[in-house]
Colleague: 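Take this structure, written in structure tokens, and hold onto it; I'll ask about it next.
Heads up: numbering here begins at 1 and tracks the sequence. Every number for a ligand or one of its atoms is a count from 1 in the order of the listing.
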Amino acid sequence: MTTLEKQAPKLSPQVSLGTPSSDQTYIQGLKYLWKIKNEDDFLIRTIAHDHNISIPVAHVLYSRGHLDKEKIRSFLFSSYEKDVPHASGLKGIDIAVQRILQAIENQEKILIFGDYDVDGVTSSSLMLLALIPLGAQINFYLPNRVKDGYGLSTKAVKRAAQNGFKLIITVDNGITAQQAAQEAQELGIDLIITDHHRPHGELPKALCIINPNQDDCPYPYKKLAGVGVTFKLMSLIYELKNLSFPDKIYELLTLGTIADVVPLTGENRYWVRYGLSKINKQTSLAFNVLAQNSSLSKSAYNSLDIGFMIAPQINALGRLDDAREAVKFMISSDLSDVERIGKILKEINEARKKVDRTIYEEIEGAIINKSIDLERENIIIAAHTDWPAGVIGLVAGKLMHNYGRPTLLFHLDNKEKVAKGSCRSIPEFNIFDALSEKKDILLSFGGHSFAAGLKLKQEDLPELKAHLEKRILDYVSPQDLQPKITLDAILDLPEATQKLITDIEPLEPFGNENPQPMFLIKNATLLNQATLLKDKHLKCSIFSNGTIKQIIFFNRPELLPLLNNIGDKSFHVAAYVTKNEWQGSVKIELQGVDIAIQD
Ligand SMILES: [Mn+2]
């Protein structure tokens, strides 16, 4: 063990969140604290042998707690029979199916009420695409983020009544729409709520609620996205009618599931795999335009391409003035329409990236000049009138990752004197629970343990901050509040071959709760001078165990002077192993994440 590697200090006994960390080794890297599970050589070799996979891949499975032979098999080969529970297990779904079929039969007007994010847009699109061919008199409404805000409102219900709708179905929202549900009841409109957000407070009084996260819903898999819940409802209708879905349905399910960053485990893992296989056979017009916009040309797309290149553009859909365009873009078969909207999306997304960078830099500046003092404060909390509500969630995510702190950013609406916020939290701190304790000052809030949205009076911001600062001291150790990365396996540089790429593939699709594996390359030395690409990406060659490999560190220009003065000193590298496709040839590429220089 080098001086850099030390056993994790024992957490204080009242800390029950997170996994016990005594079986972890920590390495202090330049930017991140590296966490890697202590190896058990015998177990790793057994996994490799049992499943005929290479040692580093077996090591990844071992580090992630896939130890049981049967569990590993079902992880590597997910199957419909094992991973996909029948839709009828969802509480309320039978009532919903009957009511929808009745509405179609009687030609009653149905309104889908969606959301402006990718999950909401794909959910709405999926339901339309499924119900229109059945002859439903169906229309949809997506609220405008600025004018209407999130979720089904009494205003929207009144308007629906005026327009003669008899049935409203929410997708990806509605679980906290108590007042709107009341209004619907009074106006004689039946309301079906489909949602996946955690219920809190009294459940709305609707005809039925389909949400696997309801306390008494027996459906075993709780991590579906909004589009996943919509899909289950539609799949039961199609099963009853003995029909099969068009491929486009699976594309929408895949896009929404990846974009909503739900865990890619269990049923989600099954559907994303299935959807990717459909996408890689034939992509839709919308998908093609989005791939072109991001200059992606690959023989096969993976979940990371969708998460990082495709989904952010669909997110820009929510910023279109006319939200209807978003759904039109997703499901239209008119190429000129799709191309026209696709062009706008590209522009909006580029503009969004600029705003995103400006906000990030402003906050970074505040941290550097200590107006946000991370030595004394444990969370990042900041607010501004100029920050658009639609962008702050993404920036909060980036800050959380780079600083290791739960982050809350607010758009200040000075007319109404309210603050509308987005927060992202570290795995060790359940932000949903922490916010629930302060319900009395929150005008609205909702979300998950790692991400939530909220609204409160501006004057209450200090109280919220004080509460969160206090809770974080109760639950989280100082070590939890450092920017961290989790490494999965040791990689001997000679093992970094094309075969390794093939061996890693069964672990895909990567995303939330199943990240791309990160490897630890020990005791490397620099072979020759490192260089900068485009002034920001560092490229160099490293040498270890008789092997030389090129490696690229994206957005780490500060490593240049460091590495070029390192001489013969050896260092550890944290890196991804990826496939680089260029003009038909496939090469292995090491993408460095961080280095740890040894004394
Ligand atoms: Mn959602």
Side-chain angles (χ1 to χ4, degrees), residues 90 112-128 140-145 148-152 169-177 192-200 204 209-214 217 219 221-234 249 251-269 271-272 275 303 306-307 310-319 323 326-327 330 389-390 392-394 396-397 420-425 431-432 435 444-454 511-513:
L90 283 157
I112 301 171
F113 193 91
D115 183 26
Y116 37 70
D117 73 354
V118 184
D119 194 14
V121 169
T122 51
S123 302
S124 307
S125 304
L126 191 152
M127 192 171 278
L128 281 172
F140 68 96
Y141 188 80
L142 299 182
N144 181 292
R145 195 190 287 266
D148 306 308
Y150 170 82
L152 184 65
I169 312 173
T170 67
V171 291
D172 191 34
N173 77 96
I175 198 63
T176 54
I192 296 172
I193 291 173
T194 80
D195 201 349
H196 70 128
H197 295 96
R198 270 182 63 180
H200 59 89
I209 298 174
I210 308 174
N211 181 341
N213 290 309
Q214 294 177 82
C217 178
Y219 195 75
Y221 188 71
K222 305 289 182 190
K223 294 169 179 177
L224 296 172
V227 70
V229 178
T230 309
F231 172 82
K232 297 305 284 191
L233 175 58
M234 293 300 104
I249 292 277
E251 184 185 298
L252 291 167
L253 174 61
T254 302
L255 292 178
T257 299
I258 294 174
D260 220 46
V261 209
V262 287
L264 293 189
T265 56
E267 183 172 4
N268 286 336
R269 178 174 166 78
W271 287 121
V272 168
S303 55
I306 290 177
I310 305 287
Q313 296 180 67
I314 314 177
N315 221 336
L317 287 168
R319 292 177 197 99
V327 171
M330 292 311 299
I392 50 181
L394 296 164
K420 292 179 193 165
S422 275
C423 47
R424 296 292 181 274
S425 190
I431 193 81
F432 186 93
L435 289 173
S444 66
F445 88 104
H448 312 277
S449 59
F450 57 92
L454 68 161
N512 186 17
E513 289 189 19

Colleague: Counting distance only, does the side-chain N/O of D172 pair as donor-acceptor with the main-chain N or O of G120 below 3.5 Å?
Modeller: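 Present.
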Colleague: Scan for salt bridge (charged side-chain N to carboxylate O under 4.0 Å, His left out) pairs involving residues 225-234, sequence neighbours excluded, and state none if there are none.
Modeller: K232-E267
Colleague: Parallel, tilted or perpendicular, judged at 30° and 60°: which one describes the rings of F432 and F445?
Modeller: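 Correct class here is tilted.
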Colleague: Please determine whether H197 has a backbone or side-chain N, O or S atom lying under 2.8 Å from the Mn ion (ligand 1).
Modeller: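 No - counting backbone and side chain alike, H197 has no N, O or S atom under 2.8 Å.
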Colleague: Only one of D119, I193, T194 passes side-chain contact (heavy atoms from CB on, under 4.5 Å) with V229; say which it is.
Modeller: T194
Colleague: Report yes or no: does D115 have an N/O/S atom closer than 2.8 Å to the Mn ion (ligand 1)?
Modeller: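 Under 2.8 Å: D115 has no N, O or S contact with the Mn ion (ligand 1).
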Colleague: Parallel under 30°, tilted from 30 to 60°, perpendicular over 60°: which one fits the rings of H448 and H196?
Modeller: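 Rings of H448 and H196: tilted, as their planes differ by 30° to 60°.
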Colleague: Tell me whether D119 has at least one N, O or S atom under 2.8 Å from the Mn ion (ligand 1).
Modeller: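 Here the distance criterion (N, O or S atom, under 2.8 Å) is met by D119, so yes.
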Colleague: How wide is the angle at the Mn ion (ligand 1) between OD1 in D172 and NE2 in H196, to the nearest 10°?
Modeller: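 OD1 of D172 and NE2 of H196 make an angle of 80° at the Mn ion (ligand 1), to the nearest 10°.
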Colleague: If you consider just the N/O/S atoms, which atom of D260 is the closest one to the Mn ion (ligand 1)?
Modeller: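 Within D260, restricted to N, O or S, the Mn ion (ligand 1) is closest to atom OD2.
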